[in-house]
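Inspection log for the structure reproduced underneath, given as structure tokens.
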Amino acid sequence: MNQTLKLKAFCKTCGADLVGIADLSPFKDGWPVIPRDILSPYTNAVSIAVRLDNSIISGIKDGPTIEYAEHYRTVNALLDNITAELAKWVVEKGFASFAVPASHIADENNLLGNISHKAVARMAGVGWQGKSLLIVSPEYGPRIRLATVLTDMPLITDQPLKNRCGACAECSKACPASAIKNVSTDGRYESRDDALHFSRCAEKTMQFKAMPGIGVRICGVCVKICPFGKKK
Ligand code: B12
């Protein structure tokens, strides 16, 4: 088995449901990452997805439930565990690695993570970027959470998938903030505002965070409503 297949198999034994590899070069051209030099030592990014529990996601109505908030924390912890294990595995093979946290907001003013897991997942062929701006996987729709490991290990990279949203507007119709503009793209959106009334989404998650028992910036309606997630 070659090194790429071994790495993917290792991630699965740690609990990953989907794994893809992205070339980091397109991210080194001014795309916002925090800290600025975080990518310099690395050539590839491993995108890892863990699927969400169907009954918990199906229980979401017009906003998050306490069960979803708990599940969000549990799956983030699982992802951080998988990326820590993978980072260790890579180092043991003689290469460098960096496990990017699942849900850390590195810039609170601009609402940015260290690197966008969605951009990496799209380039790694884990899914396409839907009208909701979420990564929609063929297997589980957007009912996945993501994390990333940066590395200089030579790996065979995967390719982006074709967008399959078509004329579907379910996420746009269901969004409790009326934030999803119902605009599709074959490649990627130039900015978040091309797809979303971004501030509406951001404000709504703040309102939900203040609800008793929630405590985190979540919503989940666009995750639940997507027909690609309901299929399995
Ligand atoms: C900050 C944050 C938020 C903020 C801002 C959201 C946002 N869209 O940026 C708020 C609080 C509003 C939020 C809300 C939600 N979030 Co949030 N959030 C994050 C966080 C921590 C950082 C996101 C970030 O840096 N975005 C930067 C912007 C510029 O990037 P972007 O949204 O990915 O979109 C651009 C890129 O993808 C780019 N792109 C696409 N392809 C390519 C290719 C290349 C080469 C390049 C350079 C760029 C590029 O095109 C887009 C437009 O510019 C991530 C974790 C992480 N580190 O990624 C989770 C994350 C994005 N959130 C997630 C989720 C699920 C949600 C919510 C559904 C809430 C919930 N959990 O119920 C909503 C949905 C919002 C939405 N429709 O986008 C998941 C998404 C999973 C998935 N299936 O896609 C993530 C990945 C967390 C995780 N660990 O899984 N979130």
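Count residues from 1 along the sequence. The figures that follow rest on heavy atoms only: side chains count, while hydrogens, waters and symmetry mates do not. Worth saying up front: this structure is predicted, and the values here are computed from it rather than measured.
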4.5 Å side-chain heavy-atom contact, Met123 and Pro26: yes
Cluster link Ile21 to Leu161, ILVMFWY, side chain under 4.5 Å: no
Met153 side chain near Trp89 side chain, heavy-atom distance below 4.5 Å: yes
Any pair with a residue in residues 106-124 that passes side-chain hydrogen bond (donor to acceptor under 3.5 Å, both in side chains), sequence neighbours left out, goes on the list, sorted by first then second residue, please. Asp107-Asn110, His117-Thr148
When rounded to the nearest 0.5 angstrom, what distance separates CZ in Arg217 from CD in Glu203? 9.0 Å
Identify the heavy atoms of Ala45 and Val120 that sit nearest to each other, and give their distance. CB-CG1, 3.7 Å
Do Arg51 and Ser137 pair up side chain to side chain, a donor and an acceptor below 3.5 Å, judged on atom types alone? no
Residue pair Phe198, Leu111: steps toward the side-chain contact (heavy atoms from CB on, under 4.5 Å) verdict: CA-CA 10 Å; Phe198 179 66; Leu111 289 176; 4.0 Å; yes
Would you please test Val19 and Lys12 for side-chain contact (heavy atoms from CB on, under 4.5 Å) and show each step? CA-CA 8 Å; Val19 186; Lys12 298 265 173 98; 4.2 Å; yes
Distance-minimising heavy-atom pair for Pro138 and Gly127: CD-CA, 4.5 Å
When rounded to the nearest 0.5 Å, the distance separating OG1 of Thr65 from CD1 of Ile214 is 6.5 Å
How close do Cys11 and Leu86 get, heavy atom to heavy atom, and via which atoms? SG-CD2, 3.7 Å
Is there a side-chain contact between Leu79 and Thr83 (heavy atoms, below 4.5 Å)? no
I'd like to know if Phe27 and Tyr189 are part of one continuous hydrophobic network [Ile/Leu/Val/Met/Phe/Trp/Tyr, side-chain heavy atoms within less than 4.5 Å]. no
Sequence neighbours excluded and cut-off under 3.5 Å, please list the side-chain donor-acceptor pairs for residues 33-42, or say none.
{"from": "Ser40", "atom 1": "OG", "to": "Asp37", "atom 2": "O", "distance (Å)": "2.8"}

Glu85: what forms a salt bridge (Lys or Arg N to Asp or Glu O under 4.0 Å) with it, not counting sequence neighbours? none
So which heavy atom on Leu24 is nearest to which on Asn44, and how close? CD1-O, 3.5 Å
In Å and rounded to the nearest 0.5 Å, what is the CD1 to NZ distance from Ile180 to Lys173? 12.5 Å
Row check, Phe208 ring normal vs Lys204 NZ/CZ: under 6.0 Å, within 45°: yes
Got a second to check how far Leu52's CG is from Ile144's CD1, nearest 0.5 Å? 8.0 Å
Worked verdict on Ile135 versus Gln129 for side-chain contact (heavy atoms from CB on, under 4.5 Å): CA-CA 5 Å; Ile135 293 301; Gln129 195 159 34; 4.2 Å; yes
Give a yes or no on whether Lys93 atom NZ has more than 12 heavy-atom contacts from other residues, nucleotides or ligands under 6.0 Å away. yes
Please check: side-chain N/O of Lys224 versus main-chain N/O of Ser58, any donor-acceptor pairing under 3.5 Å? yes
Heavy-atom donor-acceptor pair, Asp158 side chain to Val126 backbone, under 3.5 Å: no
Are Met211 and Ile56 linked, directly or through other ILVMFWY residues, by side chains that come within less than 4.5 angstrom of each other? yes
Whether Thr4 side chain and Ile156 backbone form a donor-acceptor pair below 3.5 Å: yes
CZ-CG distance between Phe98 and Asp152, expressed to the nearest 0.5 angstrom: 14.0 Å
Let me see the working for Ser191 and Asp193 under side-chain hydrogen bond (donor to acceptor under 3.5 Å, both in side chains), right down to the final yes or no. CA-CA 5 Å; Ser191 75; Asp193 275 301; 5.1 Å; no
State, with a plain yes or no, whether a side-chain heavy atom of Arg143 is found less than 4.5 Å away from one of Lys230. yes
Contact check, side chains of Glu67 and Asp53, non-hydrogen atoms, under 4.5 Å: no
Check Cys168 against Asn182 and note the closest heavy-atom contact, atom names and distance. O-OD1, 3.9 Å
Going by heavy atoms in the side chains, are Arg145 and Asn76 under 4.5 Å from each other? yes
Heavy-atom side-chain contact between Val46 and Val90 under 4.5 Å: no
Please tell me whether Val149 and Val50 are part of a single hydrophobic cluster in this structure, the criterion being side-chain heavy atoms less than 4.5 Å apart. yes
Taking all non-hydrogen atoms of both residues, which atom of Leu196 and which atom of Ser132 are closest, and how far apart? CD2-O, 3.9 Å
Hey, could you give me the NE2/NZ distance between His197 and Lys181, rounded to the nearest 0.5 Å? 5.0 Å
Is Leu134 linked to Leu146 within one hydrophobic cluster, defined over Ile, Leu, Val, Met, Phe, Trp and Tyr using a side-chain heavy-atom separation of less than 4.5 Å? no
pair Tyr72-Ser103: side-chain heavy atoms closer than 4.5 Å: yes
Whether Asn163 side chain and Thr185 backbone form a donor-acceptor pair below 3.5 Å: yes
